[in-house]
Structures are given as structure tokens and as C-alpha cells.
Amino acid sequence: MASSTPPPLTTTKSYQNHHLPHHHHNHQTHPHNHRQSVHHHQWTSLKKPPPRHAAKPPPGPTTTTTTSTSTNPNFPSLSSLPPSTKSDLSADFSGRRSTRFVSKLHFGRPKTGFASRHTSSAEEALHLAIRHRSDDNNSSHIDSLLLNFQHKLSGTDDYTFLLRELGNRGEYSMAMRCFDFAVRRERRRNEQGKLASTMISVLGRLGKVDLARKVFDTAVVEGYGNTVYAYSALISAYAKSGCCDESIKVFETMKSCNLKPNLVTYNALIDACGKGGAGFDLASEIFDEMLGNGVQPDRITFNSLLAVCSGVGLWETARNLFSEMVYRGIEQDIYTYNTLLDAACSGGQMDVAFEIMSEMPTKHILPNEVTYSIMIRGCAKAGRLDKALSLFNEMKFAGINLDRVSYNTLLAIYASLGRFEEALSVGNEMESMGIKKDVVTYNALLDGYGKQGKYDKVKELFSEMKGERLSPNLLTYSTLISVYSKGGLYKDAMEVYNEFKQKGLKADVVFYSKLIDALCKKGLVESSALLLDEMTEKGIQPNVVTYNSIINAFGQSATVECPDGIIESLVQSSPSVFFREENDEDDSIIKIFDELAAENSCHSKQDNRIGQEISCILGVFQKMHNLRIKPNVVTFSAILNACSRCNSFEEASMLLEELRLFDNQVYGVAHGLLMGQRENVWMQALSLFDEVKQMDSSTASAFYNALTDMLWHFGQRQGAQLVVLEGKQRHVWENTWSDSCLDLHLMSSGAARAMVHAWLLNIRSVVFEGQELPKLLSILTGWGKHSKVVGDGTLKRAIETLLVGMGAPFRVAQCNIGRFTSTGALVTAWLRELGTLKVLILHDDRKYTGTATLELRPPFQTIPL
DNA sequence: TTAGGGTTAG
């Protein structure tokens with residue numbers, strides 16, 4: 001799979017990992033083969049090595065460089081784990097689906113399971129503090145309460161109990177007052193230090209990392225903060241807020257103060273890698289450093305490493321880590337299993353996930369509500385909604401109560417399907433169980449109704465939410481702004497945006513990406529480019545999602561030149577170094593909405609903005625490359641979709657050819673198939689298809705849809721059919737066909753049309769083998785690829801045209817306008833007609849004959865669309 | 001010091 005063409009214009013190697021073959025070293029002297037004693041249990045060294053050692057040759061080198069194996073023979077470095085993926089493609093192409101980490105964290109998880117040595121007076125004080133809390137955020141009553149109790153409370157244990165319990169109830173300002181009170185009355189530094197670490201930990205748990213930092217800084221200045229505990233607590237606080245860089249800075253400071261990091265410190269750091277999305281390499285380095293310093297990893301270390309894998313989509317690595325745990329005699333717990341399951345689910349390995357889940361009871365670890373949430377979400381993402389819903393029943397049957405997350409998950413599934421009655425009834429059940437709807441619940445409903453264009457309902461829910469005194473958050477606002485923009489309700493979008501600003505909330509990359517996407521979908525590339533500038537100036541780096549949205553906007557119509565300035569601004573190589581101060585005059589979002597709302601009201605010709613040449617994509621791609629934003633499979637699909645919207649074969653083929661310089665495997669396949677060089681690229685194509693199969697079903701089907709659409713569009717119809725059959729064979733679309741039914745829903749029109757031909761040919765061979773066809777034959781189109789959009793019958797119309805053009809006897813079913821039916825007898829008769837085979841067999845317009853000549857098939861063979 | 005939910009690209 002090595003590239004025949006070197007990447008261009010580049011000093012970095014960011015694309016080369018697409019081409020690197022794996023190094024299968026066969027070193028007999030690999031450290032794994034020489035493991036001897038194991039620190040946990042003597043007997044583990046007698047056990048068989050884990051299957052990976054038996055089944056695979058010793059793994060090749062990885063990126064980390066370390067000498068820890070020599071300093072710690074008990075615990076080899078993780079760099080001896082097998083490669084994280086067998087893929088020849090880079091992990092970037094397959095991509096992690098989420099680019100936001102911080103908001104995925106949920107703060108306020110109560111601290112449980114610690115043995116507290118507090119007195120009953122402390123409990124009494126807590127109950128009084130809670131009972132008398134006021135709604136207006138005024139926590140001053142706790143001061144007098146503490147004064148009353150100070151003689152009954154017996155030292156640090158009581159105060160740390162109060163801090164933790166107030167923290168568990170979200171009462172951080174009361175906790176802060178309690179902390180100030182306790183520190184003031186304490187003279188012993190080490191006791192003050194304990195209070196400070198507890199306070200930092202409590203604040204970190206609640207996501208108040210800036211406040212935690214203040215407590216820490218004060219503690220250091222006042223001479224009781226320079227402890228491993230305080231540093232570890234601060235590292236953990238940054239970890240919980242997803243601030244990996246900050247965690248590492250604190251860690252470095254800690255070392256420069258000659259404090260020796262311990263197991264908790266290292267675990268918190270690895271946790272920070274997971275939550276901050278730092279990638280496995282960094283976590284692995286920290287792990288190695290830990291070993292080098294003689295700190296032995298434990299269950300939590302491995303659980304946190306697993307979480308890193310799950311976050312960045314390294315399923316294979318997660319599996320290997322799990323084996324490593326077993327091999328090392330480190331016991332697994334429910335966290336281990338849930339995290340492993342999460343890694344499997346996000347790696348699209350649902351079957352494996354179910355297998356793992358079924359093994360849990362044999363290890364005496366019973367699935368809990370977290371396990372079920374993970375599995376349900378995995379099923380839902382993989383498009384197995386029936387399975388997701390049945391898991392809820394299984395869960396109830398197993399006597400596991402649905403909690404807030406489970407209810408919200410279930411509700412979100414229904415809302416995303418537009419099944420609002422069921423969504424609302426889940427909401428009611430949830431409330432009847434004493435769980436109030438929260439921001440997440442409302443965000444799911446707003447998104448669901450918004451996607452269906454039910455704007456009145458959106459407005460109603462938004463005010464209902466505020467009526468419940470729930471505070472809309474960043475996601476609420478970005479959902480609403482995107483919904484309104486896509487619906488062309490720019491005035492509403494602007495109002496929501498103003499409210500968002502008044503709240504003092506800060507936009508992030510997802511906020512901008514979502515808005516850019518919405519504007520791109522309206523063909524407003526110019527405005528999108530403006531926003532791209534603005535976000536960069538604000539110090540918010542666009543990511544692959546942002547650019548994918550922009551790429552999607554190209555080729556919407558191939559008639560208009562790129563407006564002056566757009567490309568320059570999209571492609572300019574150096575983003576502004578100076579961050580802009582925020583003020584309204586400078587706010588592009590307001591300007592844009594203002595203008596659009598005005599145009600809207602005088603019915604201006606906004607559609608004229610649509611239409612960019614797809615050759616511009618090359619510039620955008622180059623810009624991504626310069627910014628080291630790695631294109632992924634969605635970028636690929638977006639580019640192919642742009643090609644399908646372009647009528648110029650030359651432009652499309654040139655674009656793909658140029659893109660080969662960036663990634664020869666991926667774009668080489670697309671280009672080769674387009675040019676009719678099937679024999680040359682088919683092996684590469686098959687391995688690309690195998691890679692895509694590893695992704696979740698919607699990503700995979702988007703890939704096949706885009707590729708077949710493009711091939712069909714440019715007349716490479718036999719090629720399109722071969723591709724679509726590969727997709728079918730890999731179960732990209734579920735239950736595609738039987739002798740009696742062809743299900744085309746979730747397919748693009750190109751994929752669907754190629755599939756109809758293939759299915760009819762298959763049926764024909766059934767007939768010619770002398771078998772009888774079923775009495776009734778159906779072709780289902782659903783609502784096409786955008787099946788969530790009510791009333792979008794593009795696919796249905798394309799299939800109808802195709803069937804009529806072939807003279808096939810299928811007709812729209814009376815009871816279901818998305819279904820074409822015919823009788824077996826009629827279809828048999830038609831298939832036996834002389835001319836039928838000819839219209840069924842697809843041809844390619846272009847065949848590559850080894851030289852640069854094109855072989856065009858004669859026009860009389862043309863099959864009508 | 002460890003696990004699950006909301007958002008973006010198709």
C-alpha cells in the first residue's frame with residue numbers, strides 16, 4: 001500500500017502515516033518473551049501468556065521511546081503492546097467521531113466509598129446547613145452555623161466531611177466558606193494542607209477549576225499547599241475539566257519543587273489524557289515515566305488508560321490493555337468492563353461488546369445502569385435501534401433502575417427519530433420516578449423538534465425550559481441557533497445569539513462549526529468564511545468538522561465562479577496572531593444574521609450565493625494540510641459528494657488526481673475507479689472497503705453512498721455497482737435484499753440505482769434457473785438518504801424514473817408511497833423478454849486501456865435514468 | 001485518582 005507519489009509541499013509527515021506499512025519485527029528477544037516475576041501474584045508468571053503473545057508475532061516498535069523496561073523488569077512499557085490498529089490507513093481517516101471532550105464530562109458525580117471518620121456533630125451541621133440554604137446563592141448562614149458548632153466539631157476529619165458532602169450537593173460556595181473558616185482556626189500546616197487538598201478536589205469535581213486553582217495558589221503562598229496531595233488534587237481538577245495541558249504544567253511545577261509524584265498523581269495525569277483527548281501516545285509516555293520512577297500501576301491506572309483508548313477510538317489497544325491487566329494479575333472491576341465496552345462500542349464492535357457483556361457475570365461483575373447506557377448508545381449509533389430499545393426492557397427485567405442518563409438516552413433516541421409521543425412519555429415516566437427533566441433532556445427535545453422543522457414546538461419548549469428555571473447552556477444555544485439558521489429564521493437565530501452573549505457564555509469550536517454548517521447548507525459560503533476568520537481570531541481553532549462543512553458547500557451548483565475573496569480567506573496560510581477583543585461592532589455573527597434577516601424580509605435573492613466550483617476544494621484541502629488538520633473519511637465523502645454535484649468530469653477527475661498527492665490510497669481508489677482503471681486499483685479498493693467496515697454504520701454507508709453516487713453520476717455505472725455490492729457484502733446497509741424485497745432506504749440515489757440493477761439481475765438468474773419468484777415483489781425506498789426529512793422523496797423519484805425507463809412492471813404501492821411492488825408473474829415475464837438483459841447490464845463510460853486512451857461506449861447503449 | 005447521556009461533518 002505504499003504510495004507511489006510522495007506527498008507534496010510538505011515538511012511535516014502528517015500524511016505519510018497513510019502509506020506506511022506495518023513493521024512486523026520478529027525479535028525473539030522481545031521483552032515480553034522474557035517476563036519473569038510479577039509483582040502482584042507470584043503465580044501469574046506461571047500462567048500462559050495472554051493470547052496476543054501466542055497468536056501474534058511479537059509486535060513492532062511504536063512511537064514512544066523509553067528505557068523503562070530496563071529500569072523496571074516487572075512491568076514493561078506499553079510501547080511493547082501490539083500496534084493499536086491493523087489498518088494501513090491512518091487513524092485520522094477513520095476518525096474519532098467527537099471533537100469535543102470537555103462538555104462530555106459530567107460534573108458533580110458524588111464521591112463515594114471513602115471511610116470517613118467524622119462525628120455525628122458534623123452530620124448535624126451538614127443537615128442544618130442544607131436545610132437553611134437559600135435560593136439566592138447566599139451562603140453566609142453557614143458562617144454563624146459553624147461558629148455555633150466549632151466546639152463540637154473535632155478537627156480536620158469533620159471539616160473535610162462537610163466539604164465533601166457540601167460538594168456532593170453542589171454547594172460549592174458554602175463549601176468555600178466552610179473551608180475558609182476551618183483553615184483560619186487551624187494552626188497546624190499539615191492539617192491546613194489536608195483541608196486545602198480536599199477543597200481543591202471538591203471544586204475540581206464540580207468543574208470549578210479556576211476556583212480550585214485559587215485555593216491552591218493561596219495555599220502555596222501561605223505555606224501549606226506544597227504537598228503531593230494538593231498538587232495531585234489540582235492535576236485531577238484540571239483533568240476533570242479536560243485541561244490536559246494545564247495538568248501537565250502543574251505536574252512539571254510539582255517536580256521542579258522536588259515533590260515526588262505518587263500513584264495518585266500519575267493516575268490523575270493519565271485521566272487528564274483521556275478527558276482532554278490527548279491521545280494514547282502521551283498517556284503511554286506518562287505510564288513509562290511512572291514505571292521509570294518505580295511507581296507500580298494499579299487497576300485505576302489501567303482503567304484510565306482504557307478510557308484514553310475509548311476516547312480516541314483505539315479499540316485494538318484497549319483490548320490489548322485488557323489482556324495485559326489479566327496477564328499481570330490486576331483485577332478488573334465494573335469500571336474496567338464498562339470502559340472496555342465503551343471502547344468496543346465506539347470502535348463499532350457491537351458484536352464483541354455483547355460478547356464481553358455476557359462474560360461479565362462469570363467474573364462476578366454484574367452489568368449496571370452504566371453498562372446498559374453504553375450498550376444502548378452503541379446500538380443506537382450503529383443503527384440497531386430495535387436492539388437499543390430491547391436493551392431497555394432487558395434492563396428493567398434485570399431489576400436495574402433507569403437513572404437520569406438512561407432516561408435521557410432513551411428519550412434522545414425517540415426524539416432523534418421524530419417519535420415525539422414516545423419521547424415525551426419517557427420524559428413523563430422519568431418525572432414520575434422523581435427525576436426532573438434537565439438541560440440534557442430539553443436539548444434532546446429541542447434538537448429533535450428542530451430537525452423536523454417544528455419551530456413553534458421549539459420555541460414552546462425553550463420557554464418551558466426557562467420556566468423550570470433550567471439554565472440553557474452552550475449546547476442549547478448552539479442547537480437553537482443552528483436550527484433557526486437552517487430554517488432561515490435568522491431573526492430568531494440572532495435573538496438567541498444575543499441572549500447567549502448576554503449570559504456571558506463563550507462560543508467554542510463546535511458552536512462555530514455548527515453555525516458554519518448551517519450557513520453552508522443555506523449556500524452562504526461567504527458568511528461561513530467570515531466566521532472561520534472570526535473564530536480563528538478569537539483563538540478558537542477550526543477542526544476537521546469545520547472544514548468538512550465548508551467542503552460540503554462546494555459544488556452545490558457548478559455554474560458560478562468563486563466569489564472574489566472567499567477562497568483567499570479560506571485558504572490564507574497564516575491565521576491572525578492577534579486575538580480580537582470582543583465587542584458587538586466586531587461580532588460577525590450578529591452582522592451576518594442582521595443582514596440575512598433584512599434580506600429575508602424583502603425576499604432577496606439569497607439563492608444566488610449558492611454555487612462554488614469544486615476546484616476550490618483543493619485550496620481548502622491545502623489549507624487544512626497547512627494547519628495540520630487531518631482530513632478523514634467524512635472529508636472524503638464530502639469531496640465525492642461535491643464531485644457528484646459537478647457536471648464537469650474534467651474538473652472532478654483533476655481534483656481527485658491532485659488529492660492523490662495528499663493521500664494516494666484513498667483518493668487513488670476514487671480517482672482510479674472514476675477513470676475506469678478498475679483492475680489497477682481494485683485491490684486497494686478492497687482494503688479501503690475493509691477499513692471502512694470498521695467504522696460505525698452511518699459513516700460507512702455515507703462513504704459507499706458518496707462513492708457510488710460519484711461513479712454513477714459520471715457514467716461509471718458498472719464500477720458503481722461493484723462498489724455497492726462490496727458494501728452490501730459488508731453489511732453496510734442492513735437487510736438489503738431477499739428474493740421478494742429490496743430495501744433501499746439509507747442509500748443514495750446512485751447506490752440505490754446500481755443496487756436495483758444488481759438485484760434484478762439476481763432475480764433474473766433465479767428465474768432462468770427455473771425457480772418461481774415470490775408472489776409479491778417489493779422495492780422499498782423509504783425517504784431516501786435523508787430519511788429524517790419528512791417529505792423528501794428524491795430517492796423515490798429517482799427509482800421510479802429508473803424502473804419506468806427499463807420498462808420494469810413495478811408500480812407505486814397504494815398504501816405506501818415509498819414502496820414499489822409487482823407480482824412475481826409480471827416480473828418473470830418481463831425478465832424473460834429479449835431486450836431486458838441488455839437494459840439490466842450496466843456499463844462504464846470510460847475504460848482505461850493501459851495507455852491514456854479513453855474508450856467511450858457508443859451512445860446507442862445508453863440506458864435512460 | 002477510574003465508567004455511561006446532550007452538539008458538528010454524511
Side-chain angles (χ1 to χ4, degrees), chain A residues 95 97-100 103-104 106 109 201 204 232-233 235-236 239-240 262-272 274-275 298-307 310 333-343 345 368-378 380 403-413 415-416 438-447 473-479 482 508-518 520 543-552 632-638 640-641 698-706 746 748 785-786:
Chain A
R97 304 265 304 159
S98 174
T99 51
R100 178 189 274 167
S103 75
K104 276 184 91 176
H106 39 291
R109 188 192 296 282
S201 149
S232 301
I235 288 170
S236 176
K240 289 202 168 69
N262 63 18
L263 177 63
V264 174
T265 322
Y266 282 112
N267 285 352
L269 263 182
I270 293 172
D271 183 37
K275 297 215 169 80
D298 69 349
R299 189 184 73 247
I300 293 180
T301 319
F302 272 89
N303 287 350
S304 301
L305 283 168
L306 279 172
S310 158
D333 62 5
I334 184 76
Y335 286 77
T336 318
Y337 272 97
N338 285 346
T339 313
L340 183 71
L341 286 173
D342 198 39
C345 290
N368 63 8
E369 67 282 3
V370 177
T371 321
Y372 276 96
S373 299
I374 292 166
M375 297 297 292
I376 286 162
R377 197 173 153 61
D403 65 354
R404 176 177 296 285
V405 175
S406 326
Y407 276 118
N408 279 337
T409 306
L410 180 56
L411 182 141
I413 289 174
S416 70
D438 64 7
V439 192
V440 179
T441 324
Y442 277 100
N443 286 353
L445 289 169
L446 289 170
D447 189 55
N473 62 13
L474 180 62
L475 285 155
T476 323
Y477 286 113
S478 63
T479 301
S482 156
D508 69 353
V509 56
V510 176
F511 183 96
Y512 271 103
S513 300
K514 212 167 167 176
L515 181 51
I516 284 172
D517 181 57
C520 283
N543 63 22
V544 62
V545 177
T546 328
Y547 275 97
N548 286 346
S549 296
I550 288 172
I551 288 173
N552 257 300
N632 60 16
V633 59
V634 183
T635 320
F636 179 77
S637 303
L640 295 186
N641 284 331
S698 64
T699 301
S701 64
F703 167 92
Y704 281 96
N705 283 338
L746 297 179
S748 65
K785 151 166 86 157
H786 304 290

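Just so it is clear, the model here is predicted, and its values are computed rather than measured.
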### Query
Knowing that exactly one of T476(A), D438(A), T479(A) qualifies, which makes a side chain to side chain donor-acceptor pair (under 3.5 Å) with N443(A)?
T476(A)
### Query
When all nucleic acid strands are considered with a 4.0 Å heavy-atom cut-off, which category describes S637(A): base, sugar-phosphate, or nothing?
nothing
#### Entry: Distance, rounded to the nearest Å, where L411(A) contributes CG and dG6(B) contributes C1'
11 Å
### Task
For the side chain of A702(A), starting at C-beta, report the closest nucleotide among dG10(B), dT1(B), dG6(B).
dG10(B)
### Query
Step by step, would you call D342(A) with T339(A) a side-chain hydrogen bond (donor to acceptor under 3.5 Å, both in side chains)?
CA-CA 5 Å; D342(A) 198 39; T339(A) 313; over 6 Å; no
#### Entry: Spacing of Y337(A) atom OH relative to dG4(B) atom P, expressed in whole Å
18 Å
### From dA3(B), dT7(B), dG10(B), nucleotide with atom closest to T479(A) side chain
dT7(B)
### Query
So does K240(A) get a side-chain nitrogen or oxygen closer than 4.0 Å to the phosphate oxygens (OP1/OP2) of dT2(B)?
yes
### Query
Across the strands shown, which category fits D447(A) at heavy-atom distances under 4.0 angstrom: base, sugar-phosphate, nothing?
sugar-phosphate
### Task
Starting from C1' on dG10(B), measure out to CD1 on I516(A) and report it in whole angstrom.
18 Å
### Message
Any N or O donor-acceptor pair under 3.5 Å from the base of dG6(B) to the side chain of D438(A)?
### Response
no
### Query
Any idea which of dT7(B), dT1(B), dG4(B) is nearest the V264(A) side chain?
dT1(B)
### Message
Can you tell me which nucleotide in dG4(B), dT1(B), dT8(B) comes closest to the side chain of E369(A)?
### Response
dG4(B)
### Query
Could you give the CD1-to-P distance, from I300(A) to dT1(B), as a whole number of Å?
9 Å
#### Entry: Length of the CG-C1' vector between N543(A) and dT7(B), whole Å
12 Å
#### Entry: Protein-nucleotide distance (F302(A), atom CZ; dA3(B), atom C1'), rounded to Å
17 Å
### Query
When all nucleic acid strands are considered with a 4.0 Å heavy-atom cut-off, which category describes I374(A): base, sugar-phosphate, or nothing?
sugar-phosphate
### Query
For the side chain of V440(A), counting heavy atoms from C-beta on, which of dG10(B), dG6(B), dT1(B) is nearest?
dG6(B)
#### Entry: Of the listed nucleotides dG6(B), dA3(B), dG4(B), the one nearest the side chain of D403(A)
dG4(B)
### Task
Name the closest nucleotide to the T699(A) side chain, picking from dT2(B), dG10(B), dA3(B).
dG10(B)
### Task
Select base, sugar-phosphate, or nothing to describe what S373(A) touches, counting heavy atoms under 4.0 Å on all strands.
base
### Message
Rounding to an integer number of Å, can you tell me how far L446(A) CG sits from dG6(B) P?
### Response
15 Å
### side-chain N/O N552(A) vs dG10(B) OP1/OP2, d < 4.0 Å
yes
### Query
Less than 4.5 Å apart, any side-chain heavy atom of V405(A) and any of S373(A)?
yes
### Query
Looking at dT7(B), dT1(B), dG6(B), which one has an atom nearest to any side-chain atom of N443(A)?
dG6(B)
### Query
Which part of the nucleic acid does S406(A) contact within heavy-atom distance under 4.0 Å: base, sugar-phosphate only, or nothing?
base
### Message
I need the N338(A) CG to N303(A) CG distance, nearest 0.5 Å.
### Response
9.5 Å
## Note on the structure
Output for pair (L410(A) CG, I376(A) CD1), nearest 0.5 Å, gives 7.5 Å
### Message
Strictly below 4.0 Å: does R299(A) bring a side-chain N or O up to OP1 or OP2 of dT1(B)?
### Response
no
#### Entry: Closest to side chain of S201(A), choosing from dA3(B), dT8(B), dT1(B)
dT1(B)
### Task
Decide side-chain hydrogen bond (donor to acceptor under 3.5 Å, both in side chains) for N705(A) and N641(A); before the verdict, give the C-alpha distance in whole Å, the side-chain angles of both, and the deciding distance to 0.1 Å.
CA-CA 9 Å; N705(A) 283 338; N641(A) 284 331; over 6 Å; no
### Message
Strictly below 4.0 Å: does K275(A) bring a side-chain N or O up to OP1 or OP2 of dT1(B)?
### Response
no
#### Entry: N262(A) and S232(A): CA distance, side-chain angles, deciding distance, side-chain contact (heavy atoms from CB on, under 4.5 Å) verdict
CA-CA 9 Å; N262(A) 63 18; S232(A) 301; 4.2 Å; yes
### Summary
Separation of dT8(B) atom C1' from Y477(A) atom OH, nearest Å, is 20 Å
### Query
Ignoring hydrogens and angles, does a donor from either the side chain of D333(A) or the base of dA3(B) sit under 3.5 Å from an acceptor on the other?
no
### Query
Of the candidate nucleotides dT2(B), dG6(B), dG4(B), which contains the atom at the shortest distance from the side chain of N303(A)?
dT2(B)
